[in-house]
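Have a look at the structure below before the remarks.
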Amino acid sequence: MYKKFLYLSAMVPLALALSLNAAADEKAQQLMSGNGCVACHATDSQLVGPSYTAISEHYEESEDNIAFLVDKIRAGGAGSFGQVPMPPHGHVSEEDARVIVEWIFTL
Ligand code: HEC
């Protein structure tokens, strides 16, 4: 009985963490398809732009790098992965861009 209680109390936060994670993941996927990122980026393969996995490996996860990538998504530009520029996506809010960047760092 006691053991079962311990087991259950360990499972609840785990299940909650997993479902929060799944919700964040789904939100990021929706933002990336809704904003046309999918035309140039895929998780594991290089398209016009680098794969999200390559981006995740290129940077340390830090507040500075998150802020840099949020700005870069919104302003566009070249130079990090070569000379092909990313067009600006100023219509993507800072908040939404951050959801995407945080998802990239889970890869
Ligand atoms: C027309 C093609 C294109 C579209 C659409 C596009 N990207 Fe990119 N993206 C690129 C290219 C090319 C680069 C490489 C830029 C560089 O080398 O600095 C890039 C780089 C990035 C980077 C890394 C930036 C850096 O400096 O390391 C992130 C993050 C990113 N894109 C996210 C997104 C997101 C999110 C969207 C959708 C809102 C998006 N991209 C839409 C082409 C695109």
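Numbering of ligands and ligand atoms starts at 1, following listing order. Starting from 1, each residue takes its place in the sequence as its number. Since the model is a prediction, treat every value here as computed from it, not as a measurement.
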Common cluster, F81/V84, ILVMFWY with side-chain heavy-atom separation under 4.5 Å: no
For G36, atoms of ligand 1 separated by under 4.0 Å from a heavy atom: 5 (C)
Other ILVMFWY residues reachable from V38 by side-chain steps of under 4.5 Å: none
Distance filter under 4.0 Å to G82 heavy atoms, resulting ligand 1 atoms: 17 (O)
CG-NZ distance between N65 and K72, expressed to the nearest 0.5 angstrom: 12.0 Å
Backbone N/O of A97 and side chain of R74: donor-acceptor pair under 3.5 Å: no
Transitive ILVMFWY side-chain link V70 to V92, under 4.5 Å: no
Per-pair distances, 0.1 Å, donor-acceptor, side chain in residues 39-51, under 3.5 Å, sequence neighbours excluded:
| residue | atom | partner | partner atom | Å |
| --- | --- | --- | --- | --- |
| H41 | ND1 | P50 | O | 2.8 |
| D44 | OD1 | T53 | OG1 | 2.9 |
| S51 | OG | A54 | N | 3.0 |

F68 neighbourhood, listing ligand 1 atoms whose heavy-atom distance to it stays under 4.0 Å: 26 (O)
Heavy-atom pair of closest approach, residues A75 and P88: O-CB, 3.3 Å
Protein contact of atom 18 (O) of ligand 1 - nearest heavy atom, named by residue and atom, plus distance: K72 NZ, 2.6 Å
Those atoms of ligand 1 less than 4.0 Å from some heavy atom in G77: 15 (C), 18 (O)
Value rounded to 0.5 Å, distance of OH in Y59 from CZ in F105: 8.0 Å
Scan the side chains in residues 30-37 for donor-acceptor partners under 3.5 Å anywhere in the protein, sequence neighbours excluded, and list what turns up.
| residue | atom | partner | partner atom | Å |
| --- | --- | --- | --- | --- |
| S33 | OG | Q29 | O | 3.0 |
| S33 | OG | Q30 | O | 3.4 |
| N35 | OD1 | H91 | NE2 | 3.4 |
| N35 | ND2 | L31 | O | 2.9 |

Numbered atoms of ligand 1 (with element) below 4.0 Å of V48, judged on heavy atoms: 12 (C)
Rounded distance [0.5 Å steps], OH in Y52 versus CG in L107: 9.5 Å
Taking atom 41 (C) of ligand 1 as the reference point, the nearest protein heavy atom with its distance: H89 CE1, 3.3 Å
Within reach of ligand 1, part of A78 (heavy-atom separation under 4.0 Å): backbone
M86-I55 co-clustered via ILVMFWY side chain contacts under 4.5 Å: yes
For L69, the ligand 1 atoms whose distance to one of its heavy atoms is below 4.0 Å: 23 (C), 24 (C), 25 (C), 27 (O)
N/O separation below 3.5 Å, G79 to ligand 1: yes
Protein contact of atom 12 (C) of ligand 1 - nearest heavy atom, named by residue and atom, plus distance: V84 O, 3.3 Å
Every N, O or S from the protein that is nearer than 2.8 Å to atom 8 (Fe) of ligand 1: H41 NE2, M86 SD
Nearest-0.5 Å distance, CG of residue L69 to OG of residue S80: 7.5 Å
Heteroatom proximity flag, S80 to ligand 1, N/O under 3.5 Å: yes
Atoms in ligand 1 with a heavy atom of I100 nearer than 4.0 Å: 35 (C)
Closest heavy-atom pair and its distance - P85, A78: CA-CB, 3.7 Å
D96 side, atom CG; E94 side, atom CD - distance, nearest 0.5 Å: 10.5 Å
Top protein contact for atom 17 (O) of ligand 1, by heavy-atom distance: F81 N, 2.6 Å
Heavy-atom nearest neighbour in the protein, as seen from atom 27 (O) of ligand 1, with distance rounded to 0.1 Å: Y59 OH, 2.5 Å
Within reach of ligand 1, part of P85 (heavy-atom separation under 4.0 Å): backbone
For atom 28 (C) of ligand 1, the protein heavy atom that lies nearest, with its residue and separation: I55 CD1, 3.6 Å
